[in-house]
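Taking it in order: structure first as C-alpha cells, then the write-up.
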Amino acid sequence: MLEIKNLHVSLEEEDKQIIKGLDLTINAGEVNAIMGPNGSGKSTLSYVLAGRPGYVVTDGSITYKGQDLLEMEIDERAAAGVFLAFQYPIEIPGVATMQFLKVALNAQRKARGEGEMTTPDFMRLVRGKAEQLNVTTDMLKRPVNVGFSGGEKKRAEILQMAVLEPSLCVLDETDSGLDIDALRVVAEGVNALRSPDRGMLVITHYQRLLDYIVPDRVHVMSDGKIVKSGGKELALELEKDGYAAFAA
Amino acid sequence: MTVTLVKTPAETAYTDAFDPQGALANVRKSAFAQFVETGLPHRRMEDWKWTDLRQLMSSPLPPVSGTIASADTIDALITASPFGEVARARLVFVDGAYDADRSSLPATGDVEFASLGSDDLPEWVSDKLVAGSTDPIAALNLAYMSDGAGLRVKAGSSMDAPIELLFVTTAEQAATYTTRNVIVLEEGASATLIETHIGGTGEYVHNSVTQLHIADNARLDRVKVQEEGLEAIHLSNTDVHLAASVHLKDFTLTIGGRATRQQGFITFAGEHSESHVSGAFLLTGKQHNDTRLVIDHAVPNCLSRELFKCVMDQAARGVFQGKAIVRRDAQKTDGNQSSHALLLSDDAEFDAKPELEIYADDVVCGHGATSGDLDENQMFYLRARGISETEAKSMLIGAFAAEAFDDVESDAIRDVLGGLAEGWLARRKAG
C-alpha cells in the first residue's frame, strides 16, 4: 500500500535535514508503529505523507497504491485515502464541526467521482460514529476543535477518521495529553477501524499506546532513519531499555 | 498659514443648487453654512486623510430627488434586497423619495411612521432636525435631505418583527441623493430594524444619515447592508444618542460602493447602557471603505464594544478609525474595540487608527488591531481532510467575516447575512 524508499527531507526555511534515508513499507491490513525519541523525525514523516508545506524532499520516493504520492496535492492525497490524525489538531473558529465534516466527506466523494451524501444520511452516519467515541452533539455543533479539551480533540480526530474511512491512517502521537480512560476510548475507536483493506502507521513516543493498539510491526526511528524493525515485542524492549542504545 | 481652496466642480454644484424652501429652510441654511466652512473633506483634514472627497468626487453630482427610472428598473432593484422574506414591514425610498406604493407599513399601532419628505413633519421628527453637527457631510445632508423614514416606537412596545428601510438608487442620473432617518425608541421599547442600500450601475453619491434616539430601558437591534452600485460613493453618518439602561446592537455589512465613508457617533448620556457595534467589509477590485467610529462615554457605568472584520481582495483598501472618549465623570466605563483585516492579495491595504482619550481613572479600556493573510495551519488542516484549496479559502474567509455578525439576535437575519457572504465568496471563486 505504501512504500517509502531512501527518503530524505529538509526544512524549506533552513538548510536542515530531518529525514536522512528512510525506508518503510506498510501493507494493507497491517498496523505499523514507529517509536523514537523526540527530534528523531517522526512527526516530519507524518507531515510529509500528508503534504504539509514547508518540507522539501531532496531524495527518495513515496509510492502509495502505485501512485507517486509526492506529486499529489494535499487534498488529492486525502481523497485517495491518506488520513493524518494530528498531534495538535488545529482550531478553526467560525466553522461548525458538523459542517466541516460534511464538506470534507462530500469533497472527497466528489474527487472520487461518487455522489454527494444527503444530509439525513450524513447525520445518521456521524451520530452513530460519534456515540461510539463519546463525541457529544454539542461538540459537533461547536467550531472545529475550538474550546475542546485535549481528549476531546483527539476523539474528534478519530471521529473524522471513522467518517472519512481512509485507506492509510497515520496517527501522530495520538496518545499525547490523554489520560488512561481517554486513551482507551481513542484506542477502541482506532481498533474498530482495523481492516484487511486498511494500513495504519502509529507514531508514538511511549509504548503505552501500543498496549491498546497492538501493532503488527514496530520500527525504531532515530536521527531521521529506521534503525531497527521487529514484532510487537520490540516495543516492550524499548520500554525497558530506553532509546539510548539507538542514539546517533 | 491659511490655505484657501478653490471650489471643486462638485462643491460648486452644491452651492448653485442651494435654494431651501418650506418649514426647514432656516435649519437647512445654517447646516449649509456649516458645510461651506470646510467644503468637501480632504486629505489635509486628519480624520479624512485616507478618504479625500475632493478627489473622489471629481465631477459635479448635483443634488436630486425623485426618480426618472422605469418601474421595471425599480422593481428589479427592490427584488435584489436580500430581506424580502424576513422583513415584516418595508419602507421603500427610490432615488431619494418615499415610494408609498411599494412600501408596506407596520401593521401595529405601536409604530408611527412619517416620511421626512413631507411638508408637515410631526414635532417628534422636527425637534430632532437641528443643525450643529461638526461633520461637514452630516451638515450637507441636513441642508439637502429630501426624504427618509421617521419612525417612533411607542413606550413599552415590542417590535421584534423586523422593519426594513430600503434605499434604492437607480443610478439613472449622475447625481447626489440625500436621505435621513430619525428613529425614536421611547422608554422600554424594543425594535429590530434593517437598513438596506441597493444601487444600480452608474456614478452617483448617496449621502445617508440615520439618527437613533433611544430612551431609557429600550433595546434596538439594527442591521445595515450596503450593496450600492460599484461606481457609487456611499457617505453615511449614524448618530446615536443612548439614555440609561439601553441595549444597542448595530451591525453593518459593506459589500457595495466604489468608495464608502461611514461614520458612527455614539453618545452615552445615561448610565448602565451597552452598545455593541460591529461590521464586516467584503471588498474587491479598487473598492475603498473608511469606517470611523467615535464613542463618547459621557457618564459612568456603560459598556461599549466594537468589532470589525475586514476582508480585502485585489487592490481594495479598508480603513478603521475607532475613537473612544471617556470623560472625567465616566467612571467604571468598560470599553473595547478591535479591528481585524484579512488581506487576500499583495495589493490590498488596511489601515487602522485606534484612539483612546481617557480622562477618568477607574475604567477598563482596550483596543486591538490585526491584519494578515489566511492562516497556513488552518489551510493545511482543511486540505488534509480533502477540501480543495479554493473551497478551504472560502470557508476560512466566510468564518472570519461571520464572527462580526455572530451576535445578531435574529436567526433569520443572520442567515441572510451568511448568504450574502457566501454570494460574495462564490463571485470571488468564479473570478
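Just so we're on the same page: letters track the sequence lines, and every chain starts at 1. Heavy atoms only: backbone and side chains are in, while hydrogens, waters and symmetry mates are out.
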Fill in the blank from the handout: Honestly, the part of A:E76 sitting under 4.5 Å from a heavy atom of chain B is neither

Problem - A:P93 side chain reached by B:Q378 side chain, heavy atoms, under 4.5 Å - result: yes

Handout entry: Salt bridge flag under 4.0 Å for residues A:R52 and B:E376
Key = no

Problem - Within 6.0 Å of CD in B:E355, more than 12 heavy atoms from elsewhere - result: yes

Handout entry: Segment of B:E403 engaging chain A (4.5 angstrom heavy-atom cut-off)
Key = neither

Handout entry: chain A contact via B:A402 - which portion, at a heavy-atom distance below 4.5 Å
Key = neither

Practice task
Please say whether more than 12 non-hydrogen atoms of neighbouring residues, nucleotides or ligands are located less than 6.0 Å from CG in A:D15.
Solution key: no

Completion exercise
Heavy atoms of B:G386 and A:A78 approach each other most closely as N-CB, 3.3 Å

Completion exercise
In this structure, CZ of B:R385 is separated from CG of A:L101 (nearest 0.5 Å) by 9.5 Å

Handout entry: Spacing of A:Y88 atom OH and B:N377 atom CG [to the nearest 0.5 Å]
Key = 13.0 Å

Problem - Side chain / backbone / both / neither for A:I92 at chain B, heavy atoms under 4.5 Å - result: both

Exercise for the section: Decide if atom CG of A:D121 counts as having more than 12 heavy atoms of other residues, nucleotides or ligands within a radius under 6.0 Å. Expected result: yes

Practice task
Could you tell me the separation between the CD atom of A:E91 and the OH atom of B:Y381, rounded to the nearest 0.5 Å?
Solution key: 10.0 Å

Problem - Minimum heavy-atom distance between A:D75 and B:I387, given as atom pair plus value - result: CB-O, 3.4 Å

Exercise for the section: Could you look at A:P143 and say if it's the side chain, the backbone, both or neither that has a heavy atom under 4.5 Å from chain B? Expected result: neither

Practice task
Go through the steps to decide whether B:F380 and A:I90 satisfy the test side chain to side chain contact (heavy atoms under 4.5 Å, CB included), and finish with yes or no.
Solution key: CA-CA 9 Å; B:F380 172 59; A:I90 307 293; over 6 Å; no

Completion exercise
Turns out that what part of A:A50 lies under 4.5 Å from chain B's heavy atoms comes down to both

Practice task
Step through the shown structure and confirm whether more than 12 heavy atoms of other residues, nucleotides or ligands are within 6.0 Å of NZ on B:K429.
Solution key: yes

Completion exercise
In this structure, CD of A:Q99 is separated from CE of B:M395 (nearest 0.5 Å) by 4.5 Å

